[in-house]
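Just below is one structure, and these are the notes that go with it.
Numbered from 1 within each chain, the chains take letters A, B, ... in sequence-line order.
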Amino acid sequence: MPLLTDEVRKHIGAESAPFPACDPVEKGAVRRYAQAIMDPDPAYASDEAGARYGGAVAPPLYPAFMFRTPFGEPDVLTERAHDPDFDGLVMGVRDGLPELPLHGFALLNGGAEVEFYRYARHGETVLQKSRYADIYERETRAGPMVFVIIETEYTNGAGELLMRARKTIIRRK
Amino acid sequence: MARVNFEDVEIGQEIGPLLKGPLTTPHLMRWSAAMENWHKIHYDERFAKEHDKLPGLLINGSLKQQFIVQLLKDWAGREGWVWKVNFQFRAMNIVGETLSVWAKVRGKREAPAYGLVELDLGIRNEKGLESTPGSAVVALPYRGRAAVPYPFVPPPAG
């Protein structure tokens, strides 16, 4: 029986309206992120070192990681605390796309193609617009898997393009 | 960060490696916390093995891609620009491994305002396993000329 049902496939082309990350680029959040990736680039903390970019900036991929759970949203970790299949991911909030009906499927990051145009500066708002570009099933050495392709465009509050990403998410039983 | 001119780059030239690790459970926890992503396969060993049938706690693909971008960004310097990067997470890296991020110049082409360098890249662990094949396009300034424009403006032909 194929993993990919029409109920899943009908999400191809589904798009989110552009929406802002819940917080702007925050100095402290940038510090924790830069320390976690172990990249001590001084442009992440100093306007002087980031002068080329108009001031202190976030690491290049940072916009893709800004879409956290907004304050006041239901707590998914508590709601699903008794679900043995809950993998800890809180997907729907992060890209604005409807969750695919693939309950109990493992989720693996397959990779991405990214294009950079400018870095997000401290204090800037970042918006994203995402779409399910494709969803298909493929037989692999480890069995059948569902490949979900998500295209996302990230802009700042002035509407200037920061980066584009085409991500591959792999779902399997 | 030193300026790298397009003319000084040779095909076959190797960039890096950038070493990261050994990557321990606290490293993965710190990254999960920094991005507020609670995916259990990076800290809940029982869930990783028993539910998701994985060999152990996985080093986040989201963390590995940061290392690739860092290598390229630091090489391009302030006056260059990392335009395109792609990578595929083909094999798993397990907690405890040390990752060696590498890139190698595959080709060069000239655009009006800057040169474009095409690179192959990857992440190798101590055992020589290549987990993350990919490629990149980096813009570098011509010798004696202005830095690559910021914000980046793609070349006319795309």
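Of the two parts of A:Ala112, the backbone and the side chain both hold a non-hydrogen atom closer than 4.5 Å to a non-hydrogen atom of chain B. For chain A, the nearby part of B:Val69 is the side chain; its heavy atoms alone come within less than 4.5 Å. Residue contact with chain A, scored on non-hydrogen atoms closer than 4.5 Å, is absent for B:Leu72. For a residue to count as touching a neighbouring chain, one of its non-hydrogen atoms must lie under 4.5 Å from one of that chain's; by this rule B:Leu18 does not touch chain A. For A:Ala43, the parts lying near chain B are the backbone and the side chain together; criterion is any non-hydrogen pair under 4.5 Å. Contacts between B:Leu54 and chain A at a heavy-atom distance below 4.5 Å involve the side chain alone, from C-beta outward. If you measure heavy-atom distances from B:Asp74 to chain A, the contacts under 4.5 Å come from the side chain alone. Contact annotation for A:Leu162: neither backbone nor side-chain heavy atoms come within less than 4.5 Å of a heavy atom of chain B.
Within 6.0 Å of CD on A:Glu139 lie more than 12 heavy atoms contributed by other residues, nucleotides or ligands. Counting non-hydrogen atoms of other residues, nucleotides and ligands closer than 6.0 Å to CD of A:Glu79 gives a total above 12.
Using a 4.0 Å cut-off between a side-chain N of Lys or Arg and a carboxylate O of Asp or Glu, B:Asp52 and A:Arg172 do not qualify as a salt bridge.
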Open item on the list: side-chain contact (heavy atoms from CB on, under 4.5 Å), that's the test. Do A:Phe67 and B:Glu36 meet it? Break it down for me.
Closed with: CA-CA 9 Å; A:Phe67 292 80; B:Glu36 296 178 66; over 6 Å; no

Open item on the list: Show, in sequence, the C-alpha distance, side-chain angles and deciding distance for B:Asn86 and A:Val114, and conclude whether the side-chain contact (heavy atoms from CB on, under 4.5 Å) test is met.
Closed with: CA-CA 6 Å; B:Asn86 78 72; A:Val114 185; over 6 Å; no

- [ ] Kindly determine whether A:Tyr119 and B:Lys73 satisfy side-chain contact (heavy atoms from CB on, under 4.5 Å), including the steps that lead there.
- [x] CA-CA 12 Å; A:Tyr119 296 149; B:Lys73 168 186 67 78; 4.2 Å; yes

- [ ] Decide side-chain contact (heavy atoms from CB on, under 4.5 Å) for A:Leu108 and B:His39; before the verdict, give the C-alpha distance in whole Å, the side-chain angles of both, and the deciding distance to 0.1 Å.
- [x] CA-CA 10 Å; A:Leu108 294 170; B:His39 199 179; 6.0 Å; no

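Of all heavy-atom pairs between B:Leu63 and A:Ala36, the closest is CD1-O, 3.9 Å. The two residues B:Pro154 and A:Tyr117 make their nearest non-hydrogen contact at CG-CE2, 3.6 Å. The two residues B:Gln70 and A:Pro40 have their closest heavy-atom pair at NE2-CD, 4.2 Å. Summarising the geometry of A:Arg68 relative to B:Ala34, their closest heavy-atom pair is NH2-O, 3.1 Å, with the distance given to 0.1 Å. When all heavy atoms of A:Ala49 and B:Arg78 are compared, the closest pair comes out as O-NE, 3.3 Å.
Cluster annotation: B:Ile11 and B:Trp75 are assigned to the same hydrophobic cluster (Ile/Leu/Val/Met/Phe/Trp/Tyr, side-chain heavy-atom contacts under 4.5 Å, transitive). With hydrophobic clusters built from ILVMFWY side chains whose heavy atoms lie under 4.5 angstrom apart, A:Leu127 does not share a cluster with A:Ile150. By the rule that hydrophobic residues join a cluster once side-chain heavy atoms approach within less than 4.5 Å of another member, B:Ile123 and B:Ile94 end up as members of one cluster. Follow the hydrophobic side-chain contacts under 4.5 Å out from A:Leu97 and you reach A:Ile12 in the same cluster. Residues B:Trp102 and B:Leu99 do not share a hydrophobic cluster, defined by chaining ILVMFWY side chains whose heavy atoms lie under 4.5 Å apart.
You'll find the ring centres of B:Trp31 and A:Tyr33 inside the 6.0 Å limit. In this structure, A:Tyr53 has its ring center under 6.0 Å from that of B:Tyr150.
Contacts with chain B were tallied for A:Leu77, A:Ile170, A:Asp41, A:Leu161; A:Asp41 has the most, counting heavy-atom pairs under 4.5 Å. Most heavy-atom pairs under 4.5 Å with chain A, from the set B:Gly61, B:Ser135, B:Ala136, B:Ser62: that is B:Ser62. Chain A forms more heavy-atom pairs under 4.5 Å with one residue of B:His42, B:His51, B:Gln88 than with any other, namely B:His51. Interface summary for chain B: among A:Arg52, A:Arg118, A:Glu115, the most heavy-atom pairs under 4.5 angstrom belong to A:Arg52. Interface check for chain A: of the options B:Phe67, B:Phe87, B:Phe152, B:Tyr43, the most heavy-atom pairs under 4.5 Å are formed by B:Phe87.
The aromatic rings of B:Trp81 and A:Phe116 lie perpendicular to each other, with more than 60° between the two planes, well past the 30° mark.
Looking at B:Lys40, its side chain does come within 3.5 Å of a backbone N or O of A:Phe86 through a donor-acceptor pair. For B:Lys20 (side chain) and A:Ile37 (main-chain N/O), a donor-acceptor pair under 3.5 Å exists by modelled atom type.
For the pair B:Arg30/A:Arg32, no side-chain contact is recorded, criterion being any heavy-atom separation below 4.5 Å from C-beta on. In this structure, the side chains of A:Asp87 and B:Phe47 come closer than 4.5 Å at one or more pairs of heavy atoms. In this structure, B:Gln65 and A:Leu61 have side chains that are in contact, with non-hydrogen atoms separated by less than 4.5 Å.
Residue B:Lys84 holds its NZ atom at 14.0 Å from CE of A:Met163, rounded to the nearest 0.5 Å.
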